[in-house]
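Because only heavy atoms are used, hydrogens play no part in the values below, and waters and symmetry mates are left out as well, while side chains stay in. Owing to the predicted nature of the structure, the values given are computational and were not obtained by experimental measurement. In the text below, chain A, chain B and the rest are named by the order of the sequence lines, each starting its count at 1.
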Protein chains: 2
Amino acid sequence: MSQTRQPEIRRPLTLRDVSEACGVSEMTVSRVLRNREDVSPATREKVLNTARALGYVPNKIAGGLASQQVNLVAVIVPSLSNMVFPEVLTGISEALDDTGLQPVFGVTGYSAEKEEEVLYEMLSWRPSGAIIAGLEHTDAARAMLENAGIPIVEIMDSDGTPIDSVVGISHRLAGMQMADAIVAAGYRRIGFLGSKMTSDHRARKRMQGLTDGLATHGLELADTELYSGGSALKKGREMTEAILSRTADLDFLYYSNDMIGAGGLLYCLSKGYDIPGQLGMAGFNGVDFLDGLPMKLATIDACRHEIGVQAANIIAGKDQGGVIGGHRVELTPQLVHGDTMRAPS
Amino acid sequence: MSQTRQPEIRRPLTLRDVSEACGVSEMTVSRVLRNREDVSPATREKVLNTARALGYVPNKIAGGLASQQVNLVAVIVPSLSNMVFPEVLTGISEALDDTGLQPVFGVTGYSAEKEEEVLYEMLSWRPSGAIIAGLEHTDAARAMLENAGIPIVEIMDSDGTPIDSVVGISHRLAGMQMADAIVAAGYRRIGFLGSKMTSDHRARKRMQGLTDGLATHGLELADTELYSGGSALKKGREMTEAILSRTADLDFLYYSNDMIGAGGLLYCLSKGYDIPGQLGMAGFNGVDFLDGLPMKLATIDACRHEIGVQAANIIAGKDQGGVIGGHRVELTPQLVHGDTMRAPS
DNA sequence: GGCAGTCATGTTAGCCATATCATACTAGAA
DNA sequence: TTCTAGTATGATATGGCTAACATGACTGCC
């Protein structure tokens, strides 16, 4: 005797299943599950219990199509492999938490083409807003953003013309600010250590700002050392060793980010350099987990968490006084002297 | 004379707009944009040009509803604020890159309730699969996962019973392995430094494994120091100072993660401890950006990137020999002796 | 009692794609 | 020439939900 049990083709549950199971219309169930008014407490209770008992999970695909709105926010960043962007994402995540909006992350690997692809993919979900790192995009990407008809916030950088809103700092100014501080502290033979990556526009602008700033004091970079890939801390060591052995009379090392700076700092300490007397050092970002290093590296805080929060607030329409787009938030990066720069003379 | 310009109510573009603009049916446009066969090269070309010119972006909401499939993979992790999970996400991202599948990340903040919420939210998008950190979930979350009718991969941890597939390491074994190594190296007075967070199940299991392992050698922890929040590197310093001043005769410090371990290491070096002779140290995770520290901290590699890749491969159905679910991949964590443990005596 | 005004719920008509089946048309075989 | 097969395209019917409007049961007031 073969078993005659129904083969149980578990059709996914729909609103209809819930509505039939508790004897109300689909519309009423829908209203309950979206917490709309105008449902009697008794009915609400009944529906909620049934839905829970069945294990019903609403289908936002259908819901989004019907209502023409989707509670997603597209967030596009170049990388997750250093702490910078995860911190921004954390800020975004926190700020969106009580808004009913949900961030969706995409990663471009610092490639403009990949950015275009990711953007296309994301926009095809018709999100309620988009947050994207940087102001430099391909023409196609820019066109997509302009035509999407949703609020766009470009973040991290404020040196350029935004499509809609922008939240960031001026990396050019940050570079110049550092140049001024270095010169004010009396350093003159300055070395630059950074990444080979030309597509990291913000790092490029910082370097530009630094050289321009030095130029206003009649100085220029005495040497430069670039890297790509690998453990940043270790690279910092190696690069520092390389640049110091090549140009022994450097009295300041500017690192394009804190991680390589930390590596450099550890190297110099182990070699017995007198810091900040003989040799000054500074990084960029204000990464706070480096607080535990033997000395506190001078740096400029990139306001990463704050940028995430503010960008998210713009998308969520918090504190906007009714204005919809075109916000410009330029945060002022704070220079932290730390222990690796002499006090201004 | 008031302007009579059409008020330009930019209705979002649909397939119909494209189809009308180039004189074919919607169906044909749809086929072209999804790269289906059976469209003549001439038509394809024409459609592609029109779509590009109009700036049409397909609506996956509608597409997903019609086709009953969505190319998203839900990825749920506890946190983005240390490098551990970003590395896993990077692995997932890479492995999915050529599959047409797209990861969507959700963050739970180590809270079971929040996990449940995030999961509900994510499943309501009807993803093609889900990757979720850990084996411990609320009953409701477990039920949702079981009923979702999609492949589920629980990651990071293999100590327990998975819902469907699992990719991870045994944190219990990792703890025991470390205990064995510590004892083999001749250390006897062992201190534990870790997080207060009871909801980090994997950290808990590592500690359990460590104490159980020590017990098999007739040892127990001599002291314990816990922390919460803050910069891990700094906390590592502070905790180390605290535990060493409280229990001066400790000869080994086991840290629940590499970051606090690194802080502790820097502290001990600055205080002139003889490492690994007088005092041994070890962490957990194998975070490679710590490679630049003055000494290499002993650690156990948690295979984070690899876990991400393998989990993604299971969802994508790569190399599965046709099997759909129920995979069990237990990676073998490698103990790295580094410079902070004596060689086994 | 009759009627406007509420409140709770139901009905209908899409939302924008895609699966499926139907239909022209072409080319080659019998 | 006629018929079969195959190719390119189109018509139709959903998919699961929600907006907008419709309904019906009450309430309370003149």
Side-chain angles (χ1 to χ4, degrees), chain A residues 9-48 50-51 54 56-72 100 120-121 123-128 148-149, chain B residues 10-48 50-51 54 56-72 100 121 123-128 148-149:
Chain A
I9 334 149
R10 259 236 303 285
R11 208 177 35 72
L13 291 170
T14 71
L15 265 193
R16 159 161 255 114
D17 296 304
V18 181
S19 78
E20 284 174 353
C22 74
V24 298
S25 73
E26 298 173 46
M27 200 55 226
T28 301
V29 179
S30 169
R31 282 196 265 252
V32 170
L33 295 179
R34 285 177 299 147
N35 282 311
R36 308 304 287 275
E37 307 304 319
D38 287 2
V39 181
S40 71
T43 313
R44 155 166 279 123
E45 194 67 18
K46 188 171 57 173
V47 170
L48 243 27
T50 317
L54 292 178
Y56 173 69
V57 177
N59 184 333
K60 293 217 182 191
I61 299 282
L65 183 60
S67 66
Q68 298 284 73
Q69 50 170 336
V70 170
N71 69 339
L72 298 177
Y120 185 78
E121 171 77 19
L123 290 182
S124 73
W125 290 104
R126 299 290 187 270
S128 301
Chain B
R10 260 236 303 285
R11 207 178 36 72
L13 290 170
T14 71
L15 264 194
R16 159 160 254 113
D17 296 301
V18 181
S19 78
E20 283 173 355
C22 73
V24 298
S25 73
E26 298 174 47
M27 201 53 229
T28 301
V29 178
S30 168
R31 283 196 264 251
V32 170
L33 295 179
R34 285 177 298 147
N35 283 312
R36 309 301 289 276
E37 307 305 320
D38 287 3
V39 181
S40 71
T43 312
R44 156 166 279 125
E45 194 67 17
K46 188 171 58 174
V47 170
L48 243 27
T50 315
L54 292 178
Y56 173 71
V57 177
N59 184 332
K60 295 217 182 191
I61 300 281
L65 183 59
S67 66
Q68 298 285 71
Q69 52 170 337
V70 170
N71 69 338
L72 298 177
E121 170 77 21
L123 290 182
S124 73
W125 289 105
R126 300 290 188 267
S128 302

Within 6.0 angstrom of A:Arg34 CZ, more than 12 heavy atoms from elsewhere: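 Enclosed.
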For chain B and DNA chain D, what are the first and last nucleotides along the strand, 5' to 3', with at least one atom under 4.0 angstrom from a heavy atom of the protein chain?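 Counting from the 5' end, contacts occupy D:dA8 to D:dG16.
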How does protein contact run along nucleotides 13-20 of chain C, one letter per nucleotide 5' to 3', with B for base contact, S for sugar-phosphate only, - for none, heavy atoms under 4.0 Å? -BBBBBB-
Drop me the distance from [X]'s [atom1] to [Y]'s [atom2], to the nearest 0.5 angstrom.
{"X": "A:Gln68", "Y": "B:Asn59", "atom1": "CD", "atom2": "CG", "answer": "7.5 Å"}
{"X": "B:Ser124", "Y": "A:Leu33", "atom1": "OG", "atom2": "CG", "answer": "11.0 Å"}
{"X": "B:Leu65", "Y": "B:Arg126", "atom1": "CG", "atom2": "CZ", "answer": "10.5 Å"}
{"X": "A:Leu48", "Y": "A:Tyr56", "atom1": "CG", "atom2": "OH", "answer": "12.5 Å"}

Is it true that a side-chain atom of B:Arg31 and a backbone atom of B:Glu26 form a donor plus acceptor pair closer than 3.5 Å?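 Not a single qualifying donor-acceptor pair exists.
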Would one find a side-chain N or O of A:Ser25 under 4.0 angstrom from OP1 or OP2 of C:dT11?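 Checking A:Ser25 against C:dT11: no side-chain N or O falls below 4.0 Å of OP1 or OP2.
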Between the first and last five pairs of the helix from C:dG1-D:dC30 to C:dA30-D:dT1, the angle of the axes, rounded to 10 degrees: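 Computed from the C1' atoms at both ends, the axes differ by 50°.
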Report the residue (B:Ile61 or B:Asp38) whose heavy-atom-nearest nucleotide on DNA chain D is the more 5′ of the two.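 Residue closer to the 5' terminus by nearest nucleotide: B:Asp38.
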Give the intermediate values and the outcome of side-chain contact (heavy atoms from CB on, under 4.5 Å) for residues B:Asp17 and B:Thr14. CA-CA 5 Å; B:Asp17 296 301; B:Thr14 71; 3.4 Å; yes
